[in-house]
Amino acid sequence: MFSVSSASTSSPTAATEGSIGSRSGSRRNGQVRTETGRGLGLVKAAAAVLTAGLVAAGTLVGASAATAAPADETGQHQGGATAVLDGLKTYDSALLRTKGENGEPATQELPAGLFELDVDGGGQLKTYCIDIHNPTQDRAKYLETPWAQTSLGANENAGKIRWILQHSYPQVDDLSALAGEAGTGPLTAKTAAAGTQVAIWRFSDKADVEAKDAHAEKLADWLEKNAESLSEPKASVALEPAAVSGKAGERVGPVTVRTDAGQVSVTPPADAAAGGVTVTDKDGKPVTQAADGAGLYFDIPEGAADGSAALTVQATTSVPVGRVFAGLTKSQTMILAGSSQSTVTATATATWAEEGAVPALTAQKNCAKGGVDITASNKGDEPFTFELAGAEHTIAAGETRTVTIPVAEDQAYDFTITGPGGFSKNFKGVLDCETAGTPTPGDGVGTQSGSEPVPAQTGTSSTGAEGDLAATGGSSATPVIAGVAIALVVLGGGAVFFLRRKKPQSNGE
């Protein structure tokens, strides 16, 4: 039997450091948990999360399955760079106009500028925020993510943000030339970063915001006025689809390489673990290097025992400006402004069996439908059936079907799909498809710089002193969040109990 269970997300991990390059003068089983840095509507959010947790709990039933798929820490990550937040490094001040508790105009001062992230495997990124009302979380892990899986997917001005990134600091690091073109007066790295961030916020969050420095404000106005819509940049590297299936004696695939790099290296499964599986092209020729658009196949030996294997592609490249980085846990969404030569990777898995259903499972956020799409394909010779959200779905032999699991906005999710023979696939992340809009007084608006919090004010009540909860992702709503977490622990236990009661006694568990 296949089953779907849900759990809270794991803690972020650390990574290595690198340097930034620029160009001058040119353009687990358990509970479902919610994590949010905003106090707004927490009671309503709790109800929504409880509902979503109940909907997500379900069972997935199949005729047969292969051995356990390799563990995937980042779940449905489609490939590219993964990085850890190192803090807000180059910034000045901005003024955000909101409404006070009585509906009166209020102004709050906040830092605006460039963050730095350390790339797993080597390299460094510089990013701007596209999620002004959501605080960052210390050492949060970030994943390179398509626009459609973030707030930019429904933002008609997303392409203008990319134009701003290409025509301002740090892509244009000749500040005298930038100041001359924009007619701003003298700019420093800090004021150029602040002006650029302010212009981005006007498009990403529709924020009523201005730079505190007069020259930075002129830069923001110039960027906003001249911005043109550009298309989304290619992924640094990705594999499509990320999972395939078939039978022994076949070449299973194709898995198509998508990359902005000139070429990627291909690491096949280890023979000892994969039973002699190799990675080839469509003609069966072994592949160790591949370019954009290349098709990769898992060549499964005749008579191979039921199992699974993974291939990895990797490159060292500059990640394209304009790629979005979303937090694996709830943390401010970022957009790339500059990249050193960085390590980027993508992984695809293959599953095979001699007979019965042979599933392949992938997942991705679906912001349009407010959930996570689980796509199941079946390359076996028998159908398999799964129950999800109260509905039963049968995937016939040779068919592919996508089922959307509803997830509340800002909710952390961790879905594990398991089956007989040790089959297991995990998908986790945070559904962060919307910006908050204008915050209610008391909501956190803040960022971090290295290990020390940046002063930030919240609504009309915060002093902005160092250590302010808004700067560290906390708020006065922390006791409410704790209460929600306790309720969700109870829910999670109930969901797991329900799943186990639904399993037939013949599955050996």
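Below, each value reflects all heavy atoms present in this structure, side chains not excepted, and no hydrogens, waters or symmetry copies. This chain uses plain numbering: 1 for the first residue, then up along the sequence.
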Under 3.5 Å donor-acceptor, Glu104 side chain and Lys99 backbone = no
remark   = One should read off an interatomic distance between Ile374 CD1 and Gln364 CD, to the nearest 0.5 angstrom, of 10.0 Å
task = Using distance alone, with no hydrogens and no angle criterion, decide if Asp292 and Thr259 have a side-chain donor and acceptor under 3.5 Å apart.
result = no
From Gln166 atom CD to Ile161 atom CD1, the distance as rounded to the nearest 0.5 Å = 12.5 Å
query = How close do Leu187 and Ala216 get, heavy atom to heavy atom, and via which atoms?
reply = CD2-N, 4.3 Å
task = Would you check if the side chain of Thr343 reaches a backbone N or O of Gly121 as a donor-acceptor pair within less than 3.5 Å?
result = yes
key: Lys330, Gln411, Gln332, Lys365 screened by side chain to side chain donor-acceptor pair (under 3.5 Å) with Asp432, the one that passes   = Lys330
ask   = Below 4.5 Å, heavy atoms only, C-beta onward: do Leu336 and Val324 meet side chain to side chain?
value = no
query = Just by distance, with hydrogens left out, do Gln314 and Ser265 show a side-chain donor and acceptor under 3.5 Å apart?
reply = no
message = Please check: side-chain N/O of Trp147 versus main-chain N/O of Gly322, any donor-acceptor pairing under 3.5 Å?
response = yes
ask   = Which heavy atom of Phe203 sits nearest a heavy atom of Asn155, and at what distance?
value = O-ND2, 2.9 Å
task = Would you sort out whether Leu117 and Thr127 count as a side-chain contact (heavy atoms from CB on, under 4.5 Å), showing the intermediate values?
result = CA-CA 8 Å; Leu117 291 84; Thr127 61; 3.3 Å; yes
remark   = Residues Pro241 and Ala348: closest non-hydrogen pair is O-CB, 4.2 Å
ask   = Minimum heavy-atom separation for Leu431 to Val407, with atom names?
value = CD2-O, 3.1 Å
Sub-4.5 Å side-chain heavy-atom contact between Gln124 and Ser342 = no
Salt-bridge present (Asp260, Lys234; N to O < 4.0 Å) = no
request  = Could you walk me through whether Asp414 and Phe427 pass the side-chain contact (heavy atoms from CB on, under 4.5 Å) test, one step at a time?
outcome  = CA-CA 6 Å; Asp414 189 340; Phe427 307 108; over 6 Å; no
task = Flag the pair Ser236 / Arg323 as yes when at least one side-chain heavy-atom distance between them is below 4.5 Å, and no otherwise.
result = no
query = Hey, what do you get for CZ (Arg162) to CD1 (Ile335), rounding to the nearest 0.5 Å?
reply = 9.0 Å
ask   = Just by distance, do the side chain of His215 and the backbone of Thr184 share a donor-acceptor pair under 3.5 Å?
value = yes
request  = Check the pair Thr196 / Leu223 against side-chain contact (heavy atoms from CB on, under 4.5 Å), numbers first and verdict last.
outcome  = CA-CA 7 Å; Thr196 306; Leu223 291 168; 4.1 Å; yes
Steps toward side-chain contact (heavy atoms from CB on, under 4.5 Å) verdict (Thr150, Met334) = CA-CA 10 Å; Thr150 70; Met334 310 282 188; over 6 Å; no
task = Kindly say whether Val319 contributes a backbone atom to a donor-acceptor pair with the side chain of Ser339 at under 3.5 angstrom?
result = yes
ask   = Among side-chain atoms of Tyr142 and Thr82, is any donor-acceptor pair under 3.5 angstrom?
value = no
query = Side-chain contact, heavy-atom cut-off 4.5 Å: Asp86 with Phe115?
reply = no
Test: Asp208 and Arg202 ion pair at under 4.0 Å = no
inquiry  = Rounded to the nearest 0.5 Å, what separates atom OG in Ser204 from atom CG in Asn157?
reply    = 9.5 Å
query = Does a side chain donor of either Thr375 or Thr402 reach within less than 3.5 Å of an acceptor in the other side chain?
reply = yes
request  = Go through Asp92 and Thr191 one step at a time and tell me if the side chain to side chain donor-acceptor pair (under 3.5 Å) criterion holds.
outcome  = CA-CA 6 Å; Asp92 201 68; Thr191 56; over 6 Å; no
key: Ion pair check, Glu109 and Lys212, cut-off under 4.0 Å   = yes
request  = Locate the shortest heavy-atom distance separating Val266 from Ala290; write the atom from each residue and the value.
outcome  = CG2-CB, 4.0 Å
ask   = So, for His167 and Val172, which heavy atoms are closest and what is the spacing to 0.1 Å?
value = C-CG2, 3.8 Å
query = Any side-chain heavy atom of Asn366 within less than 4.5 Å of one from Val372?
reply = no
request  = Using only heavy-atom distances, determine whether the side chains of Ser318 and Gln341 contain a donor-acceptor pair under 3.5 Å.
outcome  = no
message = Is the shortest side-chain heavy-atom distance between Leu85 and Arg139 below 4.5 Å?
response = no
query = Among all residues two or more places apart in sequence or in another chain, which pass the side-chain contact (heavy atoms from CB on, under 4.5 Å) test with Ala193?
reply = Thr90, Leu114, Tyr128, Tyr169
query = Does Glu144 reach the main-chain N or O of Ala81 with its side chain, forming a donor-acceptor pair under 3.5 Å?
reply = yes
ask   = Just by modelled atom types, is the Thr256 backbone N or O under 3.5 Å from a matching donor or acceptor in the Glu240 side chain?
value = no
request  = Check whether any side-chain heavy atom of Glu156 sits under 4.5 Å from a side-chain heavy atom of Ser229, and report yes or no.
outcome  = no
request  = Determine yes or no for a side-chain-to-main-chain donor-acceptor pair under 3.5 angstrom, with Glu409 supplying the side chain and Cys433 the backbone.
outcome  = yes
message = Would you compute the distance between atom OG of Ser151 and atom CD1 of Ile130 and round it to the nearest 0.5 angstrom?
response = 4.5 Å
ask   = Short question: side chain of Gln149, backbone of Cys367 - any donor-acceptor pair under 3.5 Å?
value = no
query = Say you draw a straight line from CZ of Phe325 to NZ of Lys141; how long is it, rounded to the nearest 0.5 Å?
reply = 12.5 Å
message = Any heavy-atom pair between the side chains of Ile200 and Cys129 that's under 4.5 Å?
response = no
key: All salt bridge (charged side-chain N to carboxylate O under 4.0 Å, His left out) counterparts of Lys369, not counting sequence neighbours   = none
